[in-house]
Structures are given as structure tokens and as C-alpha cells.
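By convention in this document, chain letters (A, B, ...) are assigned in the order of the sequence lines, proteins followed by strands, and residues within each chain are numbered from 1.
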Amino acid sequence: MSGHVHKDYTGAKFGMWLFLFTEVLLFGGLFILYSVYLARYPQAFVAGGAQLNVWFGGANTLILLTSSLMVATSITALRRGATSLCLGLLGGTVACAALFLVNKFFEWSAKIGHGIYPGSAHLKELPPGEMVFFNIYYLTTGLHGIHVVIGAIVLTWTMVFIKTGRVNAHDWVILENAGLYWHLVDLIWIFIFPLYYLILH
Amino acid sequence: MQPLQTTTEAVDTAFYVILGIDLVMLLGIMTAMIWFVWRYNRKRQPLPLSQKDKNLWLEITWTVIPTLLVMLMFWYGWEGYLSLRRIPDDAMHIKASARMWSWLFTYDNGKTAGKLYVPVGRPVKVELHAEDVLHSFYVPAFRVKRDTVPGMTNWVWFEAEKPGSYDLFCAEYCGVGHSSMVTTVEALSAAEFQAWLTGTEEAADRTADRGEELARQQGCLGCHSTDGSRKVGPSFKGLFGETTTVTRDGQQVTVTADAAYLARSIREPAAEVVVGYPPVMPPFTGLSEADLQALIGWLRSLQ
Amino acid sequence: MTEDPAHIVPYRTFILVWLTLLALTGITIGVAQVHFGALNIWIALGIATLKSALVIAFFMHMKDETTLFKLALLAALAILAIFIGLTFFDVLYRS
Amino acid sequence: MTSAAPASSETSRGFLGEARYPGIFGWIFSTDHKRIGLLYLWCIIAFFCIGATLGVLIRLELWAPGRTIMDAQTYNAVFTLHGVIMIFLFIIPGIPAAFGNLIMPIQLGARDVAFPRLNLLSWWLYIGGAILAVIALFTGGGPPDTGWTFYVPFSTHTTTNVTLATVAVFTIGFSSILTGINFVTTIHRLRAEGMTWTRIPLFTWSLYATAWIQVLATPVLGITVALIFAERVIGTGLFDPAQGGDPIMFQHLFWIYSHPAVYIMVLPGMGVVSDIIPVFARKPAFGYKAIVVSSLAIAFAGSLVWAHHMYTSGMSDLAVMVFSFLTFIVAIPSAVKVFNWLATLYQGSILLDPPLLFALSFILLFTIGGLSGLVVGAAATNIHVHDTHFVVGHFHFTMFGGTGMAFFAALHYWLPKIYGRMYDKAVATVAWGVIFVGFCILYLSMKIVGIMGMPRRYWDYVPEFTGLNQLATAGSWILAVGLVLMFVNLIRGVLYGAPVGANPWGGATLEWQVPSPPPTENFEADPVVTHGPYDFKKAGIL
Ligand code: HEA
Ligand code: HEA
Ligand code: CUA
Ligand SMILES: [Cu+2]
């Protein structure tokens, strides 16, 4: 930074990947707990999973996969000089993030409406395994939701950089890194979806 | 299964093996270091004698030898541990229940005590329960320690070889009274123990002072003294009838410690918290009215 | 410093990957309706791993990165697997 | 820090004289790795002094059974604070964030770290976390009283301000992660021409291994304290048995980070020692490759042993066996290092200057600590000594006797480089002697009283333990005298010491080729490295 111009793309990307590893391990802590409690309360986890709405989860999976596609293609667009296509794709991604959150909001509201939320009286009447299931469900999807918000902010910021020309066809590493972050958000969801919504039987 | 050794022997064997190896290594390293520093001091040795910087055989040697040594230590450690985990068939069962900050031991015949009475020469298995947070059952003399975990049943076994009184500590940090969560293991001869277990002297106590017995059982004495000294909570001595300043609904008020106040203090301690003390006393809602009155009566007697 | 322009990934690749991902999502939902007992969770995890491998390789360009990146990723995932695995020495074998 | 230095005309003040912004802003907004390193250094020393003072208070309270100077609740807050400050604010950032920042880029022949602004952010997070920790003392229900280990269910039940403390720990952890990311990237990307992997100085190698642990283990601490936060604030009882949770899982998660963290603490210290010994023995580091491999092996194997803190917790006996076995495996690479250091001394030409004295006491005290680690690592003996003062003795030997001594060695070795001035070596030697004697009296007594069965975190104890506790307390006073002497001497050296040239010790690594203090961008022209880090012949020292 101090004066010299040369930019180390590989270094910047490598740094970003290292950061993604820390994110993986952050969620990793929750996955450790998930696996332990699943082994301890298999029945209750199935019962808990059955109470989640596959449609909400499925829809959010589609939303995130599609948004990931848009981010990935936006890099190609930028490098081919199609700046407005790139911006459009990124805008679409941010819209997907918003849609995801709206969806999540309705899903959580429905559950909370049924009296199922951390610390609720109803939750405390459930069998122990289901309590654990819902607690860890709220924590994991909540943490993931925070990441969706951060990802959306980062992408919006990148769009500003693209508009001002700081990120362009010859200097796109910021977009690359923002994209990597967004894909991570998608990756985590790829695991959350089957682990929470699909343990039906 | 019959263990070949007591818990003390099992742990000590491993300890001496490891300590022995440790001391040899330490002495060797220390001697070499001091010798090198003296022999090759720049005064004596203005220029280094060699610039050698590697030797594969040396590296292999000092990888393999420590490996063998640590495997040996591991093995003794593990063997000893197994002895701690093999309960003798004839072990007597006692249930220990840990709470902030007292122990309560329950025997098969329903008898309870704040000290752990055991017969000499007979293994005992202590089943460990926790009522609030983690505690740990630790008797240094027998080298046994195991945490009490809420929602989980752990156990230890040991055998007292000689009669006597041995310290029993809480070894897992459990808050402000952690270091006063101390009691003893009382090892009695078989006959004495039998007399104690079926004995009536405690029952005599009971009629004599039910309140005092309750205070011991419920763990009040873990936090309150009867001699005026300050523990976790205020001393019981001279409490009855005195005025104390308490915080009620965020306001400081002065109250007189009459029977009604004492009852409130025991049933809902958080409602009125004595100024200068942490609000850590658990509510004793499970006490029957009769027990409560017995306690208050006893408190009154401590003038 | 700027990377080889040949590495611009065509849109087509991304769309194919996306379609595969959608298909795999469908499969994972479908499979979950069938009762395989304890196998279900492993199937679901298997498909999720496949999906994430696609995302990492294509969307995140891991395919085109150097060995260092791949090794680092492997290390991070391996350590997480080890953390989970060793924990099970405790939780599966409590008396 | 610098204004007091009477700038003598012949010594250039290097980076100390060239600030981008005036006054304090030239420091707290600087992205220069050396300025950030110095910010860390002085903050870390300040926190060390606070933590150490708390340590002395602990010892005073333990002078006699019962109340000596404070009540039980205060005592609990004091040792919690002592532990938290020493671990998170002193020893974990200690060598990497301070000396890693100051020295590592120069050793690689780089102008700065890979992400200088991220580096500054790390420092800000570190200070932000520290401020939060201070706020936690005076708000909410008062200073946290959980011990630095935050075990549930106590930590989720206590009325003290644990909630804010977890936020503080999370923030400081984040800072540590960012430093780790920065260092790994720097070492991969910014090596000068000719700086091949086998020419990287051992100090930088040790930082490389450490940085990986910081990146891969610290997030687990993050989620662990986040879960306490969530349990306290919204009642997600993932560890609460009443809600089906398992308190022992908390311990797993906590130690998955906190055991590897002890190697975050000690590896950089080992690196310092590996760099110092060759210089003062005028001999190349013996077994360079073995030392490098053992650093990486410790970093890896050290991640597999966490549950040795939990033998008595009620986890399965099988796990006790597996983790005890793995624990012994980690001892092997440590042994390899010790033997290679000794072999480096052999047939050298040894100059007993202060840096070497501290480095040698590192070896000795760390060995004692490590060997006592074998006593606690073995399943049977652990049962007896777990959570007693024996463990307290073990970890003060490894942390203070190990990393602490290495930190002091680094101070005596590199401060002249950073400030261009030399302290009084005779006073430093005396201070070393006093520290060494006080240290041994203090912590050896603790080990013995631990073997006798005195549990740790005890405000009060049974009378049998009085004698040894008083001995330990007396030792802490001797230690205090030595430390004060050492710091006063160093500060006097920094301010008024005689100017030194570029290479006062005769080192062959790159930092000794730039002026003292180094200029802002370290090198006038990008250096080209032509020989190994300890090749004293080619470097023209021999
Ligand atoms: C810098 C920090 C540091 C370091 C390096 C170590 C190093 C080691 N530690 Fe320590 N440890 C702590 C800091 C550290 N520890 C802390 C802070 C705690 C307590 C936390 C708390 O509860 O608050 C703790 C607690 C702790 C426990 C849990 C105790 C308990 O609570 O019951 C255990 C158990 O196995 C343990 C083991 C070891 C081992 C085997 C090593 C090994 O790495 C040591 C290896 C080194 C050597 C072996 C010496 C050098 C070798 C030779 C000289 C060669 C000859 C040797 C052979 C024959 C092999 N440590
Ligand atoms: C690097 C880590 C580190 C260091 C250096 C120390 C240093 C010291 N510690 Fe330690 N200690 C811990 C880390 C450390 N500690 C941890 C992690 C715990 C566990 C906490 C827990 O249980 O949760 C612990 C716990 C602990 C206990 C156990 C408490 C208990 O379980 O009941 C004790 C008891 O004696 C103790 C004492 C000391 C002493 C006397 C020092 C001395 O070495 C201090 C020496 C320093 C001085 C004597 C002062 C020197 C003075 C100055 C430098 C100048 C000061 C100047 C100004 C204020 C201007 N510490
Ligand atoms: Cu109970 Cu400590
Ligand atoms: Cu450890």
C-alpha cells in the first residue's frame, strides 16, 4: 500500500481464501455440535426436521444457487467489458439476498407464532432432543442470515466501486473476493438445507 | 473384577515412573547446557570449533528415544487410569450430591450426612450428581477426582486403608464459595461404621436440634457461619432480631430480622439482598413449613 | 500481475454448473422422501459435498488456482473433519 | 514514545522519525508494520504489567488461609482478570503481533506485510477488545468471575458481566485471526529474491506455523464464546442440560481452540530462541530442517490433543486413552527442538549476553514446564493433579518460563535494532538472575503444594498448605524486583542508551543488514538473498 503500485492478485485472493477458512471453522463449531446431538437424539432431530417447512428451505436454496450463478457470471461480464451487465447481475444478487431474508423472516415468524423460539415456554415442554434441534436451528440459520446481510453489503459496496471505475476489466480482484465471500454463504446453505430441512424420516 | 491395587498405588506408580524419567532428562539437559556454556564460552573459545549444522543419525536418535520414553509414560498412565475405572465387585454404594457450596452424601438406607463416612478396608463407589453447576469430587489422599456434571452421573471408587479423617475438596471452580466447599472423608473401622450407619446418635441429634441438622443438610453452613465470621453470606450469629440493610426493588431499606423476614430470606433470597453481599443464595422453595420453622427456631437460638 | 485472459470463464460453463446444482437439489429433496434409515443423512451429505465441490471448483475458480490454494483448502477441511471425528471418541463411548 | 528521545546527530531515527500524520496519529493511523509492531509492543507490555500486578495480588491473598487482603468474590474476579489479560492480551499477541510485525517482514526482505491496512485493523480490534474488557469490569453485574475458561453452566448462570466479556474475547480473537491471515500471505507472497523456503529464518518459520493455528483454531473460540453470549442473552441452551444440551460439549469446543492456543503462545517463543542461539554461539542452527518440521508438527499434532484438559469431566474412557496418547506424541517434536538447540551450542563460541541468558532460561524453564506437562498428560497422574496448583505451576512454567522468557529475550535482542540504542548489559544480567531465582521459588512451590492436593482457584485453603504458599508469595516479590529492574533498564536503554550500529550482535539474518532503526520501507533497494540465515561465514561475521 505504501506507495508502490504493483498489486498482488494471487496474494489478495489467497488472503480471502484464508478468511473463508475461518468462516468454515466458525460454522464448523456449530456443525460439531449438530453432529454430536444428532448422534445422541436421532429421533428427535427427525421429529424437529419434520416441523420445518421444506418449501421455505427449498426456495431459499434456489435463490442462493441462482445468486451464486449471477455473481460468478458478473466477473466474466466485467472482464469482457460488459459493465452494465455486470452491475445488473450484482444487483440481481443483492435482490436475491433480500428475497432470501424476506423468506427467512416469514419462516421464522411462522415458527415463532407457534411458540417455538429459544427460551420460549412452549419450547421448554418439548422433548430434550427437539429443544436442542430448534436451538441449534435458530443459531445456525441466524448466523447464516447475518452472513447473508454482510455479503449483500459487501456486494453493494463493490457495485459502487465498479460504478466509480475503481473495479474494472483490468482490476477486478475486489469483485473476485466479494464473489468468493458470497459463494461461501451459498456453500454453508448447501449443507444447512439437507441437515435441517430434509431429515424427514 | 478385583483390582490389584488401590487408587493411591495406581496413581503413585505412574507418578514415580514419569517423575523418574523427567528428572533424568532434566538433569541431562541441564548438565549439557551448563557444560557447553562453560566449555565453549567465547573467553575460552574465541572462534567456534565447527560449523556443522546437521546430522541425520543424531536427529533420528533424539526422535526415537523420546518416542520410546513417552510411550512408556503413556502406558503407565493409562494402566493406572484403568485401575481407577475398575470398580471392585464388593464396593459399597454411596450417592454424593453437590450443590453450591456443599456436599450431601446419601447411603443406601436413606441416611444422609455432610461428611463422607466410609468403612476402612472396603471399597466404596461414590455416585456423583450435581444440582446446579459443575463441581468436582476430590480426595487427595486417595488420588481420586471426578467432576459432578448436571444431567450426568459420574462416579469414583476408592478404598480407605487406615482409619482417619481425609480432606475432601471441590476441585472444579463453582463460584464464590468454591474454596469453602470442603468437607472430610471419615474412615471408620468396620464396626464403628456399622454403628454409625444404623446408629441412633444422629436421631438423638435430630430431636435435640432439628434446625441445626437441616442447616447442615441443606448446605446453609457452606455459606453462613455460626461464629460471627463472614463467609459467602452473613453470619447467622446474632442475626435474629437485629436490623439489616437490604436492597429491595433497587431501594435500600432497613429491616428487622424477625421470623417473617427470615422466612422470606430463605424462600426468596433474591427479593431482599443484604447490602454488601452478592445475590447468590439459591431459593429454598422445597422446604416444608415445619422445616422452615425448625430452621428459624434454630436461628433464633444462635443469639 | 493481471491474470491470463484465457481464464475468463465462459457464461456457458457457469450455466451448466448451475443447472447441475439445481438437479442435485432436486435429487436431494427426492431422495429424502425415501426411507433409508441412517443412510439418509450420509446420502444427503454426499450430495451436499458434491454440490459444494462444484461451487468451489467452478464458481470460486478453485479449478484454476495453484496447488497451494488446493492444499490449503484441503488442510482446512481436514482439520474440521478431525475435530468432529475426535470428538466422537468421547460422545459415542460414554459409559 | 519517541518524543523523549534526544535525537543524536549521527544516528538517523529511521521509521521513528518519519510519520505520515502528526503526533499520536502518526502511530495509530500508520500502516507501517514497524509502527504497528511498536503499538502492539507497548500495549502488550502495559497489559503484562497490569496482569502481573494482579498476579502479585493473588499471591498476597494466598499468604494465609482465610481472608488476607480481599474477599472471595474479589479474588475470583482478580484471577479471572489475571488469566484473561495474560492469555488474550499479553501472551497470544505477545510475540507474533509485536515482534512478528516488527521483524518478520524485514527478515523476509519485504517492505511491509501483505495487507498493511488489515494489519492496522487488527491492532484496532485488539485495542477495541481490550477496552470492551475494561468496560465489562465496571458495568452489568460487575467483573466476570468465571476463570478464563468460561466453563458452563457457571458462566451462563453467574450474575457478573460475562456477556460483555465474551464480546471482548470475540473481538480480540478476530484481531488474532486477521494477523494470522496477514502473516501466512506475507510469507507466501512477499519473500525477497533468493529467499527460498530453506533460507527463511527460524523465527519467521515459527510464525508461519503459528499463523496457521491462528487461522484455523481461533474461529472455534469465536463460536464458543458466541454461544455463551447467545445462551445468556436469548436462552439458546445448547450446553444447558435442562434443555437437552451437554455441558461437556462446551469444554470440547473451548479446548479445541484453547489447546492449540498454547502452541500459538509457545511456537513464536521457540522461534525467537532458535534465532538467538546461533547468533550468540556463532554456529549455524543445528538441524534447521528438523526444527522447521517440528514447528509444523507441533502446530498440527497440537490440534489433536485438546481433551487432555477433560480427563475428569466424565468423558468416555476411550477418549481419555486416545487424547492421552496424542498428548504424548506432541512432546516429541518439542524434544527434538531442545536437543537441536543444545547441539547448536556444542563446539560454538558462546557469548553470554542478556538475549542468550533469557533464551537459555527459556530452554530450561520450558523443559521443566514441558516435563511437568507429561505428568498432567498421563491419564492416571492427571486425575490427581488436575485443577490443582500443580497445573498452575505447569502452565506458568510453560507460559511465563517459556514464552515470557522468550519475550524478554526478544526484547533484549531486537529493541536495539528498533530504537538504535543499547541498554546496560550488566544491569540486564543482574535482572535476569533475580528473575530466574524468584521464578523458580514461586512456581516450584506451587507445583509441590499442588501435588499435596491444593486445588486451584481457591481463595481459602486448609492450614497444611500455608508454608509453601508463603514461600511462593515470597518468590513473587523477588520476581517483581527483577522484572521492575529489567523494564527500567530497558526503558532507560531505549531513551538514553548508547547508539548501536546496524549489527550489534553479529547476526546474519536480513534485519541486521538494515540500519538501526530501520527506515520506513526497510530497504533502499529490494534485497537479494544469497545465503542461509545462519551462514556466518558468507555473511562476513566469522
Ligand atoms: C505455553 C503454553 C503451554 C505449553 C507449551 C504447554 C505444553 C504442554 N502441556 Fe500444558 N497447559 C497450558 C499451557 C501450556 N502447556 C495451560 C495454560 C494449561 C491450563 C489451562 C487451564 O486449565 O487454565 C495447561 C494444561 C495442561 C493440561 C491439563 C491439565 C489439567 O487441567 O488437568 C495438560 C494435560 O495433558 C497439559 C499437557 C501439556 C503437554 C504434554 C505439553 C507439551 O507440549 C510439552 C512438551 C515439552 C516437553 C516434553 C519438554 C521438552 C522436551 C524434552 C526436554 C525432551 C525430553 C522429553 C521427553 C522424554 C519426551 N497442559
Ligand atoms: C503469560 C501468562 C501468565 C503470567 C506471566 C502470569 C504471572 C503470574 N501469575 Fe498467573 N495465571 C495465568 C497466566 C499467567 N500468570 C493464567 C492463565 C492463570 C489461570 C487463571 C484462571 O484460573 O482462570 C493464572 C493463575 C494464577 C494463579 C492461580 C490462581 C488460583 O487458581 O487460585 C496464581 C497464584 O499464585 C498466579 C500467580 C501469578 C504470579 C505471582 C505471576 C507473576 O509471575 C507475576 C510477576 C510479576 C510481578 C511480580 C510484577 C512485576 C511488576 C511490574 C512488571 C511493574 C508493574 C508496574 C506498574 C503497575 C506500573 N497466576
Ligand atoms: Cu463446588 Cu467448586
Ligand atoms: Cu492443553
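- The structure places CD1 of C/I84 at 9.0 Å from CD1 of D/I256, a figure rounded to the nearest 0.5 Å.
- Residue contact with chain C, scored on non-hydrogen atoms closer than 4.5 Å, is absent for D/L253.
- By the 6.0 Å contact criterion, NZ on C/K70 is enclosed, its count of non-hydrogen atoms from other residues, nucleotides or ligands being greater than 12.
- Taken from CE in D/M249 to CG in C/D90, the straight-line distance is 7.5 Å, to the nearest 0.5 Å.
- Shortest non-hydrogen contact noted between D/L304 and C/L86 is O-CD1, 3.6 Å.
- Atom OH of C/Y93 has 12 or fewer heavy atoms from other residues, nucleotides or ligands within 6.0 Å.
- No donor-acceptor distance shorter than 3.5 angstrom exists from the side chain of D/S316 to the backbone of C/L92, with no hydrogens or angles considered.
- Only the side chain of C/I79 has a heavy atom closer than 4.5 Å to any heavy atom of chain D.
- Counted within 6.0 Å of CZ on C/F89, heavy atoms from surrounding residues, nucleotides or ligands total 12 or fewer; the atom is thus considered open.
- Considering only heavy atoms from C-beta on, D/W306 comes within 4.5 Å of C/T87 through its side chain.
- Residue contact with chain C, scored on non-hydrogen atoms closer than 4.5 Å, is absent for D/V184.
- Counting non-hydrogen atoms of other residues, nucleotides and ligands closer than 6.0 Å to CH2 of C/W42 gives a total of 12 or fewer.
- Pairing each heavy atom of D/M315 with each of C/R94, the nearest pair is CA-NE, 4.0 Å.
- Side-chain contact between D/L216 and C/F83: absent, with no pair of heavy atoms (C-beta onward) separated by less than 4.5 Å.
- No more than 12 heavy atoms of other residues, nucleotides or ligands shown are found within 6.0 angstrom of CZ on D/F325.
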